[in-house]
Amino acid sequence: MRYHTPATFENASAIAAAASGVTRFLAGGTDVLVQMRADIVTPDDLIDIKHISGVKDIVQEDDKCWSIGAAVAGAELTAHKGLCADWPGVIEGMGLVGSTQVQGRATLIGNLCNGSPAADSVPGLAAAGAEVSVVGPKGTRQVKVEDIPAGPGKTTLAKGEVISGIYLPPRGKGGGDAYLRFIPRTEMDIAVVGCAVNLRVEGDTITEARVVLGAVAPTIVVVEDAAKALIGSTLDDKALVALAAAASAACRPINDKRGTIEFRKDVAGVLARRAAKIAYDRARGAK
Amino acid sequence: MPLDTKTTGFKYIGTRPDRPDGIDKVTGKARYGADAYAPGMLHGVMVRSPHAHARIKKIDATKALALKGVKAVVTRADFPTGLEGEDWNIQENCMAGEVALYDGHAVAAVAATSLLLAREAAKLIEVEYEVLPHVTDVDEAMKPGAPAIRAGAADYSVPEGLHPNVMRYIEYGHGDLEAGFAAADLVMENTYKTEATHQGYIEPHACLAQLGSDGKGEMWVCTQGHWFIRRMSAAVLGIDVANLRVTPSEIGGGFGGKTTVFIEPVALALSRKAGKPVKMVMTRSEVLRATGPTSSSSIDVKMGMKKDGTMTAAKVTMRMQGGAFPMAPIDSALDCAFSCYNIPAVHHEGYDVLANRPKQAAYRAPGSPMAAFATESLVDEMCRALGLDPLKTRLKNASREGTKASFGPTFPRIGLVETLEAAIAHPHYAAPLGTNQGRGVASGYWMNWGGETSVSAALGEDGSVTVSVGTPDIGGSRASMALMAAEALGIPYENVRVNVVDTGSLGVNEPTHGSRATYATGLATIEAVKQISSKLCQRAADKWGIPAEAVIWEDGCAKPSGPNAGEFPPLTIGELAAEMGSTGGPISGHFEATPSGHGGSFGTHIVDVEVDPETGHTSVLRYTVVQDAGKAIHPAYVEGQFQGGAAQGIGWALNEEYIYGADGRLQNTVFLDYRIPVASDLPMIDTVIVEVPNPGHPYGVRGVGETGITPPLPAVANAVHAAAGVRLRSLPMSPPRILAAIKAKG
Amino acid sequence: MVKVHLWSGLRRFTDGADVVELEAKTVGEMMKALVEAHPGLDPVIKAGVSVSVDGKLIARGLHEQVSDDSEVFLLRQLKGG
Amino acid sequence: MTQIHVTTTVNGDEVDFLADPRETLLDCLRDKLGMTGAKEGCGTGDCGACSVTVDGRLVCSCLVLGVEAQGKTIETVEGMAEGEKLHPLQRKFIEHAALQCGICTPGILVAAKALLAQNPDPAEEEVRYWLAGNLCRCTGYDKIIRAVLDAAAEMREGV
C-alpha cells in the first residue's frame with residue numbers, strides 16, 4: 001500500500017486518476033481503517049487529504065452560507081457555536097456517528113462517501129439542501145448531497161474524483177431542522193431508521209419543508225409527499241398523521257440483522273413525526 | 001474437613017482496601033495476554049472456514065510458504081491422532097479434521113516474521129471445500145431430515161429413535177406430577193427461547209508459545225486457568241503436562257470463556273514446526289465467530305399453582321445446542337430450573353443437541369439464565385393470572401434449609417428467603433412508576449463450585465507473607481486473598497503479597513470459574529497461613545520451653561495460652577521470622593484440597609423499565625440486586641460482581657444475540673452489531689449484600705460471581721410485560737420484537 | 001445399607017430402581033459397589049458424576065465417609081463459568 | 001513494503017519509528033515503542049480500549065494510522081501519572097474499585113481525562129454518553145461513573 005500526502009485536491013485527484021489498483025481517500029479514517037482491518041478493502045493507494053490547506057476550516061461566507069472543509073471532524077463541528085445555531089439538525093446527525101473517539105476523527109464527507117444508506121449525517125445534509133464540490137480530472141463541479149450516494153457502499157463519483165468541501169445554504173429566517181434515528185441501544189449502533197426534517201415557518205405555518213429518510217432503502221430517500229404533508233400546515237395532528245403515512249410509504253427497506261421491513265416502516269413514520277415537532281419548535285423559536 | 005469457622009468480629013474481612021494490583025492496572029503497566037514479546041518471535045494467524053459445514057478436500061499452502069518470512073504452516077496433519085472423548089473434541093475444535101463444522105472453524109495456521117506478512121500468507125493458503133447442508137437452530141437440528149453433524153456419537157443416555165444430533169438425554173425428578181397438577185387451581189405451560197450470547201470479554205484471546213522438538217515448552221497466555229490450558233494443550237499435542245510450563249498473564253475478562261483452549265495448541269504446534277516462539281492474538285471477529293459462546297435454548301415449562309400461590313407441581317423440557325460438539329449445559333440448566341422453590345413434584349428432561357455453531361464454552365452460571373428465563377417468566381405470568389404479589393409468592397414457596405431441592409438432595413443453610421425479604425423491604429419495590437413504565441422481579445440460583453485447589457504461603461524474614469495462588473485475578477481476588485490471609489494471621493493487609501504463579505510453581509488448580517476463587521482459594525489460603533502460625537507457635541514454645549499446645553496465635557503474635565502456660569511477653573511475627581533461620585529453618589504453609597462445602601448463592605433482582613410504545617425501545621430506569629454472599633470479604637468487589645452480572649443479564653435480555661444467516665454464517669462479528677450494554681444504556685445498579693454464612697468456609701464465604709447474571713433475563717421480561725402489556729417469550733427482547741408484540745396486541 | 005438416589009435417566013441400568021441400597025463406608029466403596037451391582041452404570045461413572053452426601057457435594061473425595069442414614073445422591077457433574 | 005519514518009511526541013518525549021503505512025498508531029505504540037498500555041479490544045473503533053489523545057483530541061488509536069502521527073503530540077495512559085503521583089482519576093478508580101479485570105481501564109482513564117479537560121463538572125448522564133464508546137464488560141459501569149464524578153469533584157476543589 002502506498003501512502004500519499006498531496007498538498008492540493010488537484011494533486012489528490014491526479015494520484016487517484018493515475019492509480020491502477022484500489023484507491024481510497026483518507027480523512028478521518030473511521031471507515032477506511034475498519035475496512036482495511038476486516039480485509040474488506042486493502043487499498044493499493046491511500047491518499048491522505050489532511051495535508052491540503054483549508055481542510056480543517058469552518059467558514060461562514062458573506063452570503064451566510066457555511067463552508068466546511070473535508071477533514072473537519074465531528075467534534076469540531078459540534079464545538080462550533082455558530083454552525084450549531086444555524087443547522088442543529090445537521091450537526092446532531094453528525095454527532096450521532098460513533099463514539100466520542102470516533103467524533104475526534106470522523107468527517108461529514110467521509111460519512112457521505114462511505115455510501116452507507118444508514119449514514120447519520122447524510123439525511124440532515126440532504127434535508128438542508130447541502131452541496132459538495134467535487135474535484136476531478138475534468139475540473140470542479142458542485143453536486144447536491146443526495147446525488148452522491150448510489151447504493152450501499154457506492155457513490156456517483158467517477159475515478160479520480162474527490163470531494164473537497166461541503167456547503168450549507170444560508171439558514172435564513174424562520175428555519176429549523178432536526179435529525180432523529182432509531183437504534184436498539186443508546187449509542188454505538190448503526191441507525192435502523194433515520195429521519196431528518198428541515199422546514200421554514202411564517203408565523204405558525206410551515207412554508208417550506210424537506211423530509212429525508214435514512215436506512216430504509218439502498219440510499220437515503222427524499223420524501224416529497226412527506227414535505228407536502230407539512231407545507232401549509234401548523235403541524236396539527238392531521239399533518240402529523242399524513243407525514244407519518246408518507247414517510248412509512250416511502251420506505252423500501254430490507255429485513256436484516258438490525259431490523260425488519262415492518263419495523264422500519266413503522267418507525268420511519270414515528271421518527272418523522274418526532275423530528276418534525278423538534279424542527280418546528282426550533283423554527284418558531286428562531287423566528 | 002474440620003473448619004474453624006468464624007463469622008463475626010473480623011478486623012480486616014469486610015473492609016475495602018485498595019487492590020494490590022491497582023496501580024499497575026491504572027498506569028498501563030499490567031501485562032495482559034497480548035503484551036508479551038519474545039526475541040525472534042513470529043506471529044501466527046489462523047485460516048478459518050467460511051462455511052458452516054463443509055468437507056475439507058484439499059489444503060494447499062505452497063503459495064504462502066513461498067513468501068519470504070513465512071516460517072511454518074500447520075494443519076490437522078501436524079497433530080497426533082487417536083485422541084478420545086473430550087480430548088478429541090478439543091483437538092477437533094482447535095483445528096478441523098476432515099470437516100469444518102461451523103463458520104470460523106480453524107482449518108490451518110501460518111507463522112511469519114510479521115503480523116502483516118502472516119495475514120497475507122493466510123490469504124494465500126488455498127482450501128478446497130465441499131459444502132455440506134447445515135443447521136444452526138436447536139429445534140431444527142432435532143427434526144427428521146436435519147443434517148446429521150456427527151452420526152453415531154450419542155452417548156449411553158440417548159433413547160432410540162431420536163435424531164443423531166441428540167448427543168445426551170437427561171431425565172429426573174421426584175413426587176407425583178399428575179397429582180400435583182390436579183391439585184392446582186391454575187396450570188400454565190409455555191415455550192421460551194433464548195439465543196446464544198457471548199461472554200464479551202474485552203480482551204481477545206492471546207498467547208505467546210514456545211515448544212521445542214524435545215516436547216519441552218513454555219507459554220504465556222490470558223486464561224482463567226493455566227492448569228486447564230496445560231492439560232488440554234498437552235493432550236491435543238501429545239506431550240507430557242510437566243514439560244509444558246504455562247504462565248498466566250493478567251486477564252482481560254473471561255466469564256467462563258477462557259477456561260478452554262482455542263489458539264494455544266496451534267501456537268505451540270507452529271512454534272515446534274518453526275523452531276521459534278509464536279505469538280497469536282485473536283481479532284474480535286475471531287473471538288465472536290470461533291470461541292465459545294453460550295448455548296441457545298428452547299424450553300417448555302409447565303407449572304401448577306393454587307390460588308394462594310402455593311406451587312404444586314412443575315415440569316421442564318429443555319433443548320440446548322452447544323455447537324458442533326456435545327456438552328451443552330443442560331445438566332446445570334435443569335438443576336437450576338426449579339431450585340428456588342419447594343415443589344412437591346418436579347420433573348426434568350433435557351436434550352443436548354449438535355448444530356453447526358462454535359463449541360459452546362461456559363458463560364457465567366452456564367445454563368442457569370436460560371432456565372430462570374423460562375421458569376421465572378412463567379411464575380410471573382401465573383402470579384398475574386392469580387393476582388398475587390410476585391415476591392411474596394416466591395417467598396411462600398422459597399427453598400430453605402431442609403427443603404428437598406428440585407435436583408434431589410436436601411438444601412443445607414441457604415439464603416434465598418433472606419434475599420426475598422430484603423427485596424420486599426427495599427424502597428425500590430414500593431417506588432411509584434410513571435406512564436409506560438413497569439417493574440419486574442425474579443430470583444436465581446447458582447450452585448457454585450469448589451474444585452481442585454493448591455495454595456502455598458511463605459513467611460519472609462521480616463514477618464511479611466507471600467501467598468502463591470493458582471487462580472488468575474479477574475476481579476480483585478488478590479485483594480480478597482490478602483484480606484483472608486491478614487485476618488487469619490492477624491497481620492496488616494499490606495504485609496501480605498499475593499502472587500498468581502505459573503504451573504511450575506504450584507500443584508494443580510482449576511481455573512477461576514464456578515464462583516470458586518474466593519471460596520476455594522480463600523479457604524486454602526486461610527489453611528496455608530494457619531500452618532505458618534502454628535509453626536510459629538512451635539518456635540515460640542521452643543523458645544519459652546513450654547509445650548506448643550500452651551501457645552496461641554493472636555493479633556500477629558505468639559502468646560502463652562493462659563497463666564498456667566507461664567508468663568512470657570508475646571513474640572511478634574516479625575521477631576519470630578527474623579530468627580527463623582536459627583530456630584528451625586524457613587517457614588511456609590501449604591494446603592491442597594478439592595473443597596466441597598461451597599454452598600449455593602441465591603439472588604433476587606428488581607428492575608424498572610420504560611418501553612416506548614411506538615418503537616419498542618426499552619430503557620432500564622432502575623435496578624436493584626439483592627444476593628447472598630455468605631460473607632463479603634471485600635464488599636466493593638462483591639458489589640462489582642453483582643453489578644457486572646446484572647449488566648450482562650440486561651444485555652442478554654434486550655439486545656445481545658448470535659445472528660446466523662441462511663448461509664450459516666455469523667452476521668454480527670463486531671461489537672457494533674453484537675450489542676453489549678454501553679455506559680449510557682444503564683442506570684446505577686443498586687446492591688444489597690445479604691450475608692447468610694456458608695458453613696463450608698472458615699469465614700462463611702459463598703461464591704458470588706455467577707448468580708447475578710441469572711435473574712435479569714426474566715426480571716426484565718417481567719418488567720417489559722408490566723410496562724407494555726406484552727409477554728416476550730423469546731430473547732432478546734429487541735425493539736422489533738417488542739413493537740411487533742405491541743401491534744399484535746392491538 | 002447406604003441408600004443411593006440415582007437420577008431417573010439411569011433407571012434402565014438398574015432394573016428400574018432409582019434408589020439402590022449398597023454396603024459401603026466411603027464414597028469410593030459406594031461407587032465400586034454401585035458398578036458391581038449394576039455394570040451398566042460403569043460408563044456413566046467413568047464419564048464423571050458428582051456425589052452429594054447430606055447436601056454437600058463431594059467432588060472427587062473417594063475417602064469421604066457415608067453411613068446408613070446419610071442422604072446420598074448421584075448427580076451429573078457440573079462446572080461453572 | 002516500504003516503511004515510512006515517523007517522528008512524533010508521546011507523553012512529552014520525542015520518539016521515532018518506522019511504520020508500514022498499513023499499521024495503526026496502536027500497532028506502532030505497542031509493537032514499536034513498547035507502550036502496551038493502550039489495548040486492542042476490537043480493532044474497529046467500537047470498544048475504546050485503545051483510546052489516546054492526538055493533539056489533545058480523544059481518538060481510538062486503532063483508527064489512526066501510524067504514519068498519520070508524524071509531527072503530532074500523543075498522550076497515552078502511561079503519561080497520566082506524574083512520576084509516582086497518580087492522576088486523581090487513577091487514584092479514584094482504585095479507591096472505588098472501578099476496575100475488575102482492568103483491560104478497559106487505560107482507555108477509560110484517557111477518555112475520562114479528556115472529558116474533564118473540557119467539562120470539569122459533568123453530570124452523570126454526560127459522563128455516561130461521553131464514555132459510551134468505552135466498553136466495560138465487568139463492572140456494569142456503576143463504579144466507573146462514580147469514580148469519574150468523584151475525581152471531577154476533587155479536581156474542582158483542587159483548583
Side-chain angles (χ1 to χ4, degrees), chain A residues 1 30-31 33-40 42 95-102 114 116 118 120 180-195 215 240-241 244 247-248 253-275 277, chain B residues 45 47-48 50 115-116 119-120 122-123 195 283-286 288-289 612-620 650-651 653-662 665-683 732-744:
Chain A
M1 186 178 87
T30 53
D31 288 312
L33 266 68
V34 172
Q35 289 163 4
M36 283 166 60
R37 181 61 202 262
D39 271 338
I40 297 167
T42 307
L96 288 170
V97 174
S99 60
T100 316
Q101 286 84 342
V102 167
N114 189 45
S116 166
D120 280 310
L180 290 175
R181 67 164 181 192
F182 182 85
I183 54 170
R185 291 181 290 188
T186 53
E187 267 287 359
M188 301 305 291
D189 288 329
I190 300 290
V192 183
V193 183
C195 180
L240 286 168
V241 168
S248 292
I254 54 168
N255 286 320
D256 69 3
K257 62 192 170 188
R258 294 175 185 140
T260 60
I261 290 170
E262 196 188 9
F263 181 78
R264 286 187 160 107
K265 282 177 172 254
D266 286 343
V267 173
V270 173
L271 294 189
R273 274 195 278 116
R274 293 180 182 179
K277 283 183 190 168
Chain B
V45 167
V47 179
R48 297 184 180 277
L115 183 56
L116 287 170
R119 281 192 198 143
E120 221 168 289
K123 281 186 247 174
E195 195 30 273
T283 64
R284 177 53 52 183
S285 292
E286 288 183 288
L288 287 167
R289 282 170 76 201
D612 182 338
E614 292 188 318
T615 64
H617 188 274
T618 302
S619 307
V620 180
I650 291 167
L654 291 176
N655 284 309
E656 292 181 36
E657 64 176 318
Y658 263 49
I659 305 171
Y660 281 94
R665 290 180 183 153
L666 185 63
Q667 298 199 333
N668 50 340
T669 64
V670 290
F671 274 137
L672 190 64
D673 287 310
Y674 184 81
R675 304 185 187 100
I676 76 172
V678 303
S680 48
D681 291 340
L682 297 175
M733 295 177 279
S734 54
R737 282 187 178 158
I738 291 183
L739 188 62
I742 290 172
K743 287 181 73 185

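Numbers restart at 1 for each chain; the letters A, B, ... are given by sequence-line order, proteins then strands.
- B:Leu116 places none of its side-chain heavy atoms less than 4.5 Å from the side chain of A:Met1.
- Going from atom CZ of B:Arg675 over to atom CD1 of A:Ile183 covers 9.0 Å, rounded to the nearest 0.5 Å.
- Contact annotation for B:Leu672: both backbone and side-chain heavy atoms come within less than 4.5 Å of a heavy atom of chain A.
- Looking at every heavy atom in both residues, A:Gly259 comes nearest to B:Pro736 through CA-CG, 4.3 Å.
- Among B:Ser285, B:Ala679, B:Pro735, B:Pro732, the residue with the largest count of heavy-atom pairs under 4.5 Å with chain A is B:Pro735.
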Hey, mind stepping through B:Thr283 and A:Arg37 against side chain to side chain contact (heavy atoms under 4.5 Å, CB included) and telling me if it holds?
-> CA-CA 9 Å; B:Thr283 64; A:Arg37 181 61 202 262; 3.3 Å; yes
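- Contact check on B:Arg119 versus A:Asp39 returns no salt bridge, with no Lys/Arg side-chain nitrogen under 4.0 Å from an Asp/Glu carboxylate oxygen.
- Contact of B:Thr615 with chain A is made through backbone and side chain together, with heavy-atom distances under 4.5 Å.
- Within the 4.5 angstrom heavy-atom criterion, no atom of A:Ser99 approaches chain B.
- Here the CG-CG distance, from B:Asn668 to A:Asp256, works out to 11.0 Å after rounding to the nearest 0.5 Å.
- With hydrogens and angles disregarded, a donor-acceptor distance shorter than 3.5 Å links the side chain of A:Arg185 to the backbone of B:Ile676.
- Heavy-atom distances place no part of A:Leu271 under 4.5 Å from chain B, backbone and side chain included.
- With a 4.5 angstrom heavy-atom cutoff, A:Arg258 touches chain B via backbone and side-chain atoms both.
- Every residue two or more places apart in sequence or in another chain that forms a ring pair (Phe, Tyr, Trp, His ring centres under 6.0 Å) with A:Phe182 is listed here: A:Phe263, B:His617.
- Looking at B:Ser734, neither its backbone nor its side chain comes within 4.5 Å of chain A, counting heavy atoms on both sides.
- With a 4.5 angstrom heavy-atom cutoff, B:Asp681 touches chain A via backbone and side-chain atoms both.
- Across A:Asp266, A:Val267, A:Val270, a single residue satisfies side chain to side chain contact (heavy atoms under 4.5 Å, CB included) together with B:Glu614, and that is A:Val270.
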